[in-house]
Amino acid sequence: DAAAARALDQACAEPSDGMPGRPQTLAVKGRRVLVPCVARGVARFSFSELCEQPLGPADFLAIATHFHTLVLDRIAKMRPEQRNVARRFITLIDVLYEHRVNLICSADATPGELYGTGDGARMFLRTASRLIEMQAQHYLDSPHLT
């Protein structure tokens, strides 16, 4: 809702020292990935821009190595027929986790409720666990791996 959007705006401004964001393009295997908003190592996307588009591990890897913080707006609760969206989200979180990218996000549900049934729902349990761990101080204190 509007309150969550304002909170994300504020959360995005903090690690970027209030610098206004601007679009940036990353070159990935001969393709271009548009990052809608970048400021001082912080990238901002909507859930739709990352998980409802034909992006994959190489795209997420480029994002994870270029940015220490990712702000992700409006993570949707995924239905069973959205297994491809859920799979992209699983891959995104795996890559962010492995590179120790800080994630600031808004979501329609708690991590465990984002994808409860459908193909890959059991695999999603690890993703929910990683999302919870990414909130822990030991994770937040870890250096970003480029």
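What you see below is based on every heavy atom in this structure, not just the backbone, and it leaves out hydrogens, waters and symmetry mates.
Hydrophobic clustering (side-chain heavy atoms under 4.5 Å, transitive across Ile, Leu, Val, Met, Phe, Trp, Tyr) groups I75 together with L50. L140 and Y97 fall within a single hydrophobic cluster, where Ile, Leu, Val, Met, Phe, Trp and Tyr side chains are chained together by heavy-atom contacts under 4.5 Å. Hydrophobic clustering (side-chain heavy atoms under 4.5 Å, transitive across Ile, Leu, Val, Met, Phe, Trp, Tyr) groups L92 together with F124. Each of L96 and I132 belongs to its own hydrophobic cluster when Ile, Leu, Val, Met, Phe, Trp and Tyr are linked at side-chain heavy-atom distances under 4.5 angstrom. Residues V38 and V42 do not share a hydrophobic cluster, clusters being chains of Ile/Leu/Val/Met/Phe/Trp/Tyr side chains in contact below 4.5 Å.
For the atom pair CZ (R122) and OG1 (T117), the distance works out to 14.0 Å, reported to the nearest 0.5 Å. With rounding to the nearest 0.5 angstrom, the CG atom of L72 is 7.5 Å from the OG atom of S106. To the nearest 0.5 Å, atom OG of residue S129 and atom CD1 of residue I93 are 12.0 Å apart. To the nearest 0.5 Å, the span separating CG on D108 from CG on L114 amounts to 7.5 Å. Distance check: Q24 CD to C37 SG gives 10.5 Å after rounding to the nearest 0.5 Å. Rounding to the nearest 0.5 Å places NZ of K29 at 9.0 Å from CG of L61.
A distance-only check finds a donor-acceptor pair linking the side chain of R88 to the backbone of C51 [under 3.5 Å]. Distance alone, capped at 3.5 Å, is enough to place a donor-acceptor pair between the H68 side chain and the R40 backbone. In this structure, Y115 contributes its side chain and I90 its backbone to no donor-acceptor pair below 3.5 Å. Side chain of H99 to main chain of T146: no donor-acceptor pair is present (N/O by atom type, distance under 3.5 Å, no hydrogens or angles). The backbone N or O of G56 sits less than 3.5 Å from a side-chain atom of D59, completing a donor-acceptor pair.
Of all non-hydrogen atoms in A39 and G21, the two that sit nearest each other are CB-CA, 4.0 Å. For K77 against A109, the heavy-atom pair with the smallest separation is CD-CB, 4.3 Å.
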*Would Y139 and R130 count as a side-chain contact (heavy atoms from CB on, under 4.5 Å) if you check the C-alpha gap in whole Å, the side-chain angles of each, and the deciding distance to 0.1 Å?*
CA-CA 10 Å; Y139 179 89; R130 285 186 165 187; over 6 Å; no
*Test T69 against I104 for side-chain contact (heavy atoms from CB on, under 4.5 Å), laying out the working first.*
CA-CA 8 Å; T69 301; I104 301 169; 3.9 Å; yes
*asked:* Run L26 and R32 through side-chain contact (heavy atoms from CB on, under 4.5 Å) and show every step you take.
replied: CA-CA 6 Å; L26 300 177; R32 295 177 174 254; over 6 Å; no
What donor-acceptor contacts under 3.5 angstrom involve side-chain atoms of residues 80-87, with partners at least two apart or in another chain?
{"unit_1": "E81", "atom_1": "OE2", "unit_2": "R79", "atom_2": "NE", "d": "2.8"}
{"unit_1": "Q82", "atom_1": "OE1", "unit_2": "R79", "atom_2": "N", "d": "2.8"}

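Note on residues 24-57: pairs passing ring pair (Phe, Tyr, Trp, His ring centres under 6.0 Å), not counting sequence neighbours, are F47-F89.
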